[in-house]
Amino acid sequence: SQKIEQNSEALNIQEGKTATLTCNYTNYSPAYLQWYRQDPGRGPVFLLLIRENEKEKRKERLKVTFDTTLKQSLFHITASQPADSATYLCALSRSNTGKLIFGQGTTLQVKP
Amino acid sequence: DVKVTQSSRYLVKRTGEKVFLECVQDMDHENMFWYRQDPGLGLRLIYFSYDVKMKEKGDIPEGYSVSREKKERFSLILESASTNQTSMYLCASSLEGMSTEAFFGQGTRLTVV
């Protein structure tokens, strides 16, 4: 069956370091991969989208990679700050209609 | 700004009740989604609609139905609420196609007692 997996364990890092979150998928050939941020008690907010023919995408301190051979995306936050603490979700879409499937999310905690 | 509004922030219902969760978006989006979110399980897709009166089952449609009579409104219906449907329900909308971001509502915390 189709599966999207993110690290279920929380990631704790020190302020100023680079946070790296992983999204793996199986039995799925997504055309697009998206990353969202979710704060407690709120709906997810879109951060970045990367296409299957793109290797890397950047936006300010954020960087996303997409390796369709490894079936993996990495999400990096450089120079992390306590305000980056949140749950980060990856999502995949393939069907022409835009159906969007999410992973379970990884919680990031950045300590001052 | 795109706005996705869910009718209730918190809801408490009794087992066996028919429950309606309403979602309205104001950006003329073709796609609308209903997810539920439980600890450790992430967002699981219940139903997806890509046009008025068009719907597609997600990963966990059992016990739920949906209605989309107008483009801006997407309703989730729990035919007979059960305690295992206690969860956070999130509605989202997006433009048609695969490359568009989804905009989420604030969520409805439903408790079935």
Which one wins on heavy-atom pair count under 4.5 Å against chain A: B/Gly105, B/Gly58, B/Ala102? B/Ala102
Tell me, for B/Gln106 versus chain A, whether the close heavy atoms (under 4.5 Å) come from the side chain, the backbone, both or neither. backbone
For residues A/Leu48 and A/Val45: do they belong to one hydrophobic cluster (side chain heavy atoms under 4.5 Å, members Ile, Leu, Val, Met, Phe, Trp, Tyr)? no
Does the pair B/Phe104 and A/Tyr36 meet the rule for a side-chain contact (heavy atoms from CB on, under 4.5 Å), with working shown? CA-CA 11 Å; B/Phe104 281 82; A/Tyr36 288 75; 4.1 Å; yes
Are B/Leu21 and B/Phe48 co-members of a hydrophobic cluster defined by side-chain heavy atoms under 4.5 Å apart? no
Structural part of A/Phe102 lying under 4.5 Å from a heavy atom of chain B: both
With hydrophobic residues grouped by side-chain heavy-atom distances under 4.5 Å, do B/Leu11 and B/Val66 end up in a single group? yes
What residue in A/Arg42, A/Arg51, A/Gln34 has the most heavy-atom pairs under 4.5 Å with chain B? A/Gln34
Flag the one option from A/Gly105, A/Pro30, A/Pro44 with the top tally of heavy-atom pairs under 4.5 Å to chain B. A/Pro44
Do B/Tyr47 and B/Val24 belong together in a cluster built from hydrophobic side chains that touch within less than 4.5 Å? no
With a 4.5 Å heavy-atom cut-off (strictly below), which parts of residues 33-45 of chain B touch chain A? List them by number. B/Phe33, B/Tyr35, B/Gln37, B/Gly40, B/Leu41, B/Gly42, B/Leu43, B/Leu45
Answer with side chain, backbone, both or neither: which region of B/Asp51 has an atom nearer than 4.5 Å to a non-hydrogen atom of chain A? neither
Count the heavy-atom pairs under 4.5 Å between each of B/Glu96, B/Gln6, B/Glu30, B/Glu56 and chain A, then report the option with the highest count. B/Glu56
Chain B heavy atoms under 4.5 Å from A/Leu89: which part of the residue, side chain, backbone, both or neither? side chain
Which residues from residues 75-92 of chain B are near chain A, with near meaning under 4.5 Å between non-hydrogen atoms? B/Leu90
Should we count CD of A/Gln14 as having more than 12 external heavy atoms under 6.0 Å? yes
Would A/Phe75 end up clustered with A/Leu100 when hydrophobic side chains under 4.5 Å apart are linked, directly or stepwise? yes
Quick check for you: to the nearest 0.5 Å, what is the distance between A/Lys99 atom NZ and B/Ser49 atom OG? 12.5 Å
Within a reach of under 6.0 Å around CZ of A/Arg61, are more than 12 heavy atoms found that belong to other residues, nucleotides or ligands? yes
